[in-house]
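Naming convention: chains lettered A, B, ... in sequence-line order (proteins, then strands); numbering from 1 in each chain.
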Amino acid sequence: MSTTVTSQIEVPAGVSLPIYMDNHATSPLDPRVLEAMMPFFTSKFGNAASRNHSFGWEAEQAVEIARQQIAKLIGATSKEIIFTSGATESDNLALKGIAEMYRERGNHIITQVTEHKAILDTCKRLEKNGYRVTYLPVKADGLIDLDDLKRAIDEKTILVSIMAANNEIGVLQPIREIGKICREKGVLFHTDAVQSVGKVPVDVNADFIDVLSLSGHKIYGPKGVGALYVRRRNPRVQIAAQIDGGGHERGMRSGTLNVPGIVGLGKACEIAQTEMDSEAAYLRNLRDRLKARLESALDYVHVNGSWEHRLPGNLNMSFVYVEGESLLMGINDIAVSSGSACTSATLEPSYVLKALGLGDDVAHSSIRFGLGRFNTEAEVDYVADKVIDIVLKLRELSPLYEMVKEGIDLTKIEWQAH
Amino acid sequence: MAYSDKVVDHYNNPRNVGTLDKSSAEVGTGLVGAPECGDVMRLQIRVNPETQVIEEAKFKTFGCGSAIASSSLATEWIKGRKIEDALEIKNTDIVKELSLPPVKIHCSVLAEDAIRAAIGDWKKKNGVAETAPVAVATAAN
């Protein structure tokens, strides 16, 4: 019998390949966003900081509209929005800026182990500069334990930074409860809300958020633009600038504003706000359909992270006994990502999945499906069929699957780690 | 990552996938790698006791495309060879044939280990002196 891994799954009408289903990495630009941006590349090219002619006024006005659109989406006021080049810069500015400004008050920062590298690497830098950082563990569902947080706060704690939604497993941290604890203890609360803003409701007042990072390209806006929300009242948060220059953005972030990008970010926020409820329901339906199809056809699959507290468009699943990169190779007309070591630059499996207490073998088998605004039911059906087909074929090739089917306990084997 | 045409070919049409009866005296089994590392290869050979020629080779691999290709290629190369000749296959030969990039060299090393482990197992079963000791993962079922 000859074995073949190539797939013969039929492509349904209306589906064109390749299919993009990696919307946590980035999302396509919404055509309505592009339309709003276009004039600011051409005729409306003014510098928003030019105060003495109409080109500048026009640009400034567009920037202020965008500021309002962003503020409205998160329940803030427009003066509390600082534009940056993206969420990595926002995270750096928040953590370093607060650490520097509040150094007299304390040197302790609390975060958690499944944060994005923009937070973790910034924290590592701060540790080198004499700050103390507590990295809270997460439970098997990917959420932090609020009692751990309460216990970690001490008299030297100046800041807690916990992400709103995780970029790999899509789990939603209990932001409101975390914010409440921080407010009660008089500690500032920053959240990297890149994955959650525009997808699920975020309200800086109801959620007791003091500082928040967001990004354009995760919400069908342009790349290279993001924002930092910095609370102005109760409490008034101060941030030390990390880039010096012309004193733009209330002195917190110098540099000529990226007007087309900012206009795009604003428009993306406006659309997200208008369509959030219907879009969330739509994505939840697609995601549940994908999960149900995969689970009905395959054994040894499991969802990584809390199912209940999760972004509508996220499905992170492990297809145990199949290695992630080999699966990606078989489904190469579908853009998804894997927690497999082989797909990372470091050759280490996903630290997020490892933090859930999953074995490395399960982490190696994981695929992240990131559903977005432009995915369709027909695409989901094709993706499900294709994944099922390739997983079945790779399991024919998998010595582990064969052994498990024979009743062998893989944990009792003395493997040679290499 | 871009894969070479040969890796893609072995991935799409892996040669000699399967399982031999590991309890048979003629069959040697090598199980190398570890699930935690994301690579496990099982390579099996059926050796003619008279001629010491590998008459059949089968593999199953859990791992990336390069690991699947390396083990698939290994079975092709050892089939029809005498065991002492099969032992001369080096991981660098596999790297060259499949144009593996540096990050995938460990896949070829694993394939070489798998060949050695399978032959070692056969020798042990048949009371043939080992030329070089090899570690073999043992199933404790």
**Report entry** From CD (A/E323) to SG (B/C37), nearest 0.5 Å
**Finding:** 11.5 Å
Query raised in the report: Quick one: CG on A/D361 to CG on B/D39, what's the gap to the nearest 0.5 Å?
Result: 12.5 Å
Requested in this report: Report the distance from atom CG of A/L397 to atom CZ of B/R42, rounding to the nearest 0.5 Å.
Outcome: 10.5 Å
Query raised in the report: Around atom NZ of B/K90, are there more than 12 heavy atoms of other residues, nucleotides or ligands at under 6.0 Å?
Result: yes
Query raised in the report: Crowded around A/K139 NZ? As in, over 12 foreign heavy atoms under 6.0 Å?
Result: yes
Query raised in the report: How about A/K117: does its NZ atom have over 12 heavy atoms from other parts shown lying under 6.0 Å from it?
Result: yes
Query raised in the report: Side-chain contact, heavy-atom cut-off 4.5 Å: B/V17 with A/E396?
Result: no
Query raised in the report: For chain B, which residues from residues 384-394 of chain A have at least one heavy atom closer than 4.5 Å to it?
Result: A/I390, A/L394
Query raised in the report: Got B/I68 and A/M329 here, is their nearest side-chain heavy-atom distance under 4.5 Å?
Result: no
Report summary line: Looking only at B/A67, B/G18, B/G63, B/G65, most heavy-atom pairs under 4.5 Å shared with chain A are made by B/G63
Requested in this report: Measure the OH-CG distance between B/Y11 and A/N332 for me, rounded to the nearest 0.5 Å.
Outcome: 8.0 Å
Query - Heavy-atom closest pair, residues A/W415 and B/A34 - result: CB-CB, 3.5 Å
**Report entry** Rounded distance [0.5 Å steps], CE in A/M403 versus CG in B/L31
**Finding:** 5.0 Å
Requested in this report: Over all heavy atoms of both residues, which pair between B/V40 and A/P399 is shortest? Give the atoms and the distance, please.
Outcome: O-CG, 3.7 Å
Requested in this report: Could you tell me which portion of B/V109 (side chain, backbone, both or neither) has an atom closer than 4.5 angstrom to a non-hydrogen atom of chain A?
Outcome: neither
Query raised in the report: Distance-only, no hydrogens or angles: does the A/Y401 side chain make a donor-acceptor pair with backbone N or O of B/F62 under 3.5 Å?
Result: no
